[in-house]
Amino acid sequence: MEKVRFGIIGIGNIGTVHARYLLAGTVKDACLTAVCDNAPEKHPAIRQRVGDGVPLFSDAQEMLQSGLIDAVIVATPHYDHPRLSILAMRNGIHTLCEKPAGVYTAQVQEMNDCARECDVVFGIMYNQRPNPLYQKVKDLIDSGELGEIRRSNWIITNWYRSQSYYNSGGWRATWKGEGGGVLLNQDPHQLDLWQWLVGMPVRLRAFCQFGKHRDIEVEDEVTAYVEYANGATGVFITTVAETPGTNRLEITGDRGKVVVEDGRLRYWRLRESETAFNARWQNGFGEPECWEVTLPVAPECSEHHVITANFCAAVLHGEPLIAPGLDGIRGLTLSNAMHLSTWTDDWVDLPLNEKQYLRLLQQRITTSVEKENVSRTLDASGSW
């Protein structure tokens, strides 16, 4: 295999993004050889986007078994991600899934089990992981430069969405069509980065506001507090209704503090650890000497094609994935736990009770307001 032949399932907004860079040859080891969308009425417009040389399918199974593709990008609405990814993997197709991996963790666990059984590469489109800003933060943490993590705060409120955005699609902002709001649709990247950088908490308490600022069923504002095994704490704040919004990540360790905001990384380093200073200092007021250090960081980049190029390198040369598909369950665990904490008005210990979450989600799906072309039910096993 000299190039990875890609198919795309779902040619909506994000599917079109993937099609464009593949057609443009941006990823030198990849080419687009088929696309699939189950809405025939959209096919004329899709044909204009991809040209006459790319076969266009209505049925995913037919494309997966066509012999035209080696890998697939799953770019459909959330509920279908696990089903279509599993279908692809069972057909021997390398699978790159858009975020989030799914809507609830029990669904994604089945996806992960299949990935372990099939001899294919499985990745997820967490295109923020290659961003040099977050790569540098991870290096500071993993190398021990920041010391033991004590606190992390992420304020991510620059997801402004008007009511017209939610009115633009029948599946948007419903429990039946999307399975969640800002946590499922806008925040998967931040939730993934948060756990990737500082790890998973052991418990959390969250306060989700459902339809507070927009006429929607799902959450449009969230504040969550988390606790970690080492005693560290964290706060995650998000909404779609603030403008101007903020995107600020702050992580404090025993040896300093790092802040990512406005496309810039700032790092303050203590000359000695806070623990050591506190143990020796006997003069009352005082604090460790602190330096703001300028670190070399490449320009910010979070393009989707970077993940796709890395995925191709994994397929062709066995290189490690930046965003392995198996990691997709972690950020989703955080959003599921935030919902569950709000629904039960209580703390949630991790790993969460998947059956309880699914039962309460199903209650909301059952009473979800019907919108055009949206109709789903769960069977007894929790499969779609």
Quick one: which residue pairs count as a ring-ring contact (aromatic ring centres under 6.0 Å, His included) with a foot in residues 14-37, not counting sequence neighbours?
His18-Tyr21, His18-His304

Compute both the distance and the angle, then confirm whether Arg205 meets the cation-pi test with Phe207: under 6.0 Å from the six-membered ring centre, within 45 degrees of the axis.
yes

Quiz question: by atom type and distance under 3.5 Å, do the side chains of His213 and Glu221 form a donor-acceptor pair?
yes

Quick one, Asp59 and Met63 - any side-chain contact, counting heavy atoms below 4.5 Å?
no

Kindly state each residue pair satisfying ring-ring contact (aromatic ring centres under 6.0 Å, His included) with at least one member in residues 241-270, sequence neighbours excluded.
none

Side chains of Gln362 and Thr366: any donor to acceptor distance under 3.5 Å?
yes

Option from Thr95, Val17, Leu96 for which side-chain contact (heavy atoms from CB on, under 4.5 Å) with Ile73 holds
Leu96

Does a salt bridge link Glu217 with Lys176, judged by any charged N lying under 4.0 Å from a carboxylate O?
no

Hydrophobic cluster of Tyr126, others only, ordered by chain and residue number, side-chain cut-off 4.5 Å
Ile124

Parallel, tilted or perpendicular: which fits the ring planes of Tyr357 and His339, with parallel below 30° and perpendicular above 60°?
parallel

Salt bridge or not for Asp327 and Arg129, using N-O below 4.0 Å?
yes

Distance only, no hydrogens: is a donor on one side chain within 3.5 Å (strictly under) of an acceptor on the other, for Gln209 and Asp220?
no

Taking C-beta and beyond as the side chain, do Gln186 and Thr238 meet within less than 4.5 Å on heavy atoms?
no

Where does the angle between the aromatic ring planes of Phe277 and Trp281 fall among parallel (under 30°), tilted (30 to 60°) and perpendicular (over 60°)?
parallel

Closest contact, heavy atoms only, Cys208 versus Met338:
SG-O, 3.6 Å

Residue set satisfying side-chain contact (heavy atoms from CB on, under 4.5 Å) with Ala313, at least two apart, ordered chain then number -> Glu319

Rounded to the nearest 0.5 Å, what's the gap from CD on Glu219 to CG on Asn185? Could you check?
9.5 Å

Which is it for Gln163 and Asn167 under the side chain to side chain donor-acceptor pair (under 3.5 Å) test, yes or no, and what are the steps along the way?
CA-CA 6 Å; Gln163 185 64 47; Asn167 295 343; 3.2 Å; yes

More than 12 heavy atoms of other groups within 6.0 Å of Asn13 CG
no

Do Asp29 and Lys3 sit within salt-bridge range, that is, some charged N less than 4.0 Å from a carboxylate O?
no

Scan side-chain atoms only and decide if Asn38 and Ser58 contain a donor-acceptor pair under the 3.5 Å cut-off.
no

Within the supplied structure, the quantity of interest is the number of heavy atoms (other residues, nucleotides, ligands) at a distance under 6.0 Å from Asn230 CG; does it exceed 12?
yes

Counting only heavy atoms not in Asp142 (residues, nucleotides, ligands), do more than 12 fall under 6.0 Å from its CG?
yes

Please tell me if the side chains of Val235 and Ile237 come closer than 4.5 Å, counting only heavy atoms from C-beta onward.
yes

Note: Glu145-Arg269 ion pair, threshold 4.0 Å (strictly below)
yes

Tyr165 ring centre to Arg172 NZ or CZ under 6.0 Å, with the angle to the axis within 45°?
yes

Can you find a heavy atom in the side chain of Trp159 that is under 4.5 Å from one in the side chain of Thr239?
no

Lys99 bridged to Asp192 by N-O distance under 4.0 Å
no

Geometric class of the Trp175/Trp343 ring pair [parallel <30°, tilted 30-60°, perpendicular >60°]:
perpendicular

Selection residues 44-56 - residue pairs positive for side chain to side chain donor-acceptor pair (under 3.5 Å), sequence neighbours left out
Thr16-Arg49

Tell me whether Glu250 is salt-bridged to Arg151, with the criterion being a basic N under 4.0 Å from an acidic carboxylate O.
yes

Check the pair Ile8, Val50 against side-chain contact (heavy atoms from CB on, under 4.5 Å), reporting the backbone distance first and the verdict last.
CA-CA 11 Å; Ile8 301 174; Val50 303; over 6 Å; no

Please report the closest heavy-atom contact between Ile69 and Gly7, naming both atoms and the distance.
CG2-N, 3.6 Å

Among residues at least two apart in sequence or on other chains, which ones pass salt bridge (Lys or Arg N to Asp or Glu O under 4.0 Å) with Arg271?
Glu289

Can you establish whether the number of heavy atoms outside Arg203 located under 6.0 Å from its atom CZ is more than 12?
yes

Has Glu287 got more than 12 heavy atoms of other residues, nucleotides or ligands less than 6.0 Å from its CD?
no

Side-chain contact, heavy-atom cut-off 4.5 Å: Cys301 with Val306?
yes

Any chance the side chains of Ser302 and Asn131 put a donor and an acceptor closer than 3.5 Å?
no

Does the side chain of Cys31 come within less than 4.5 Å of Phe6's, by heavy atoms?
no

For residues Leu249 and Tyr134, determine if any side-chain heavy atom of one lies less than 4.5 Å from a side-chain heavy atom of the other.
yes

